[in-house]
Amino acid sequence: MQSLRAYLNTLRTSHPRSSKLTLRAVVALQTLCAVHLFFEYVGGPRIVSGPSMLPTLGPGYEYVIEDTLSPRLATLFAPSPYSPRRGQGQGIMKSFMAMLGVDGMGMEGWKLKRGDIVVVRSPVDPRMVICKRVLGLEGDIVALDPLAPQTPRPQGSIPESPSSGIESIPSSPASPILQFVPRRFQNIFSVTPSSPSSPSSTLAPMPMQSPSPSSLTQPTHILIPPGHIWLTGDNTSMSRDSRLYGPVSVALVRGVVRARIWPNPCIFEDPMTWID
Amino acid sequence: GIVFVDHFYSIRVVSGSSMQPTLNPIDSRWRDFVLFDKLSIGGYGVYRRGDIVSFKSPNNAGPLLVKRIVALEGDVIQTMPPYPDKEVTIPTGHVWVEGDDWRSRDSNHFGPIPLALIDAKLSWILWPLSRLGPIDRVNIRPSQTSGQAWRPADIWKSKSARLKIGHLKDNWRPNDAQ
């Protein structure tokens, strides 16, 4: 930094006219880069729009504050696959902190929680960025209600089911993404599938309840694999979310929406409550 | 500086044996230094079958994985164990990646990955100097017939044999209609 300033000073004194332009251009470029990096790595304002998050986020353009530091911290402190105690999935930092005895003392604010509004890169279109709420974390079981109003699907992107006339996602093979995208990893969670004869194989089939025409009114349960989250829009009848494309990898999360700047400034609180 | 490395090009070290013999062959004393090209990815980049890409692992937020794209969206590929289904139609916005080595952890373990996870394309090997040069893009073309015998020594023919049905467009972009 010092040498850069000295260099710019010599530029300014040696050639008065052209160096000023160069100086300003360099400073402008540096400022742009710094601002861009700050927005990328720490967080900043973002514009969101669309009807899928009503009534939380309105259909028109809204300015929110996006926090991109939390997902990066989560990546840093995530359980490493190369740690010696592989089965327990202990991260290096986590075991260090547990050793010190500061196990989760108020440092959990940056972790992804159920109920966070996240900005995610779309798994079906790499150019699109979507904004939804986290409903389930890895290991959770999500129940899909087949009688809930379904979102109209985009034209021509996912083939319609030839067999069932009712367009309900879990009980028909209409959504090829939902069928096999969840089959991603060894199922290390001990959840017994519906058929008692199947062994606890490393790749337990999902969804757990096999869809059939007679079970159209039964909810389908989906186990979220490790490293994935379930997204849902607040406005479920107009939201294309995980009901369409299945659990989304946590690596796709870009940031967490913490507050809204305009039109109604507010901080987004956690709306989730436990039901017993 | 950081912006350049993040968004344009960066040189990184590749470790692991899942891409042998293309990267890190057994007889090499060093790990490969490769140029990662981030300009060619994103929604406006061109993805081809046979490109080596680096992507974030879908299962755990750990290091980047380096594998080769074998099938694009809409293709039907015959999978290898431990994948539970025999054939998979790649959904919209996803690709099937496999390592060159038969022991690699790739899409046969975690299924097709979304394109948004892809971080960079590997374009040039920079070290060791004996293998300096662009990474050859192996042309994986789909075969209409299934049931070709798979010989472990010939990985490219075997990969083409398992790519059962695919569209033959070579310069494919993510926003192309089916």
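Values reported hereafter were calculated over all heavy atoms of this structure, with side chains retained and with hydrogens, waters and symmetry mates removed. None of the values given here were measured: they were computed from a predicted structure. Reminder, nothing fancy here: chain letters follow the sequence lines and each chain counts from 1.
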Test log, rule side-chain contact (heavy atoms from CB on, under 4.5 Å), inputs H228(A) and N59(B): CA-CA 7 Å; H228(A) 287 69; N59(B) 289 319; 3.7 Å; yes

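- Residue contact with chain B, scored on non-hydrogen atoms closer than 4.5 Å, involves the backbone and the side chain of L252(A) alike.
- Screening P226(A), P225(A), S249(A), P247(A) for a side-chain contact (heavy atoms from CB on, under 4.5 Å) with P58(B), the sole residue that qualifies is S249(A).
- When all heavy atoms are compared, the tightest approach of P123(A) to P114(B) is O-CB, 3.5 Å.
- Going from atom CG of L115(B) over to atom CZ of R127(A) covers 10.5 Å, rounded to the nearest 0.5 Å.
- Of all non-hydrogen atoms in A116(B) and S122(A), the two that sit nearest each other are CB-O, 3.7 Å.
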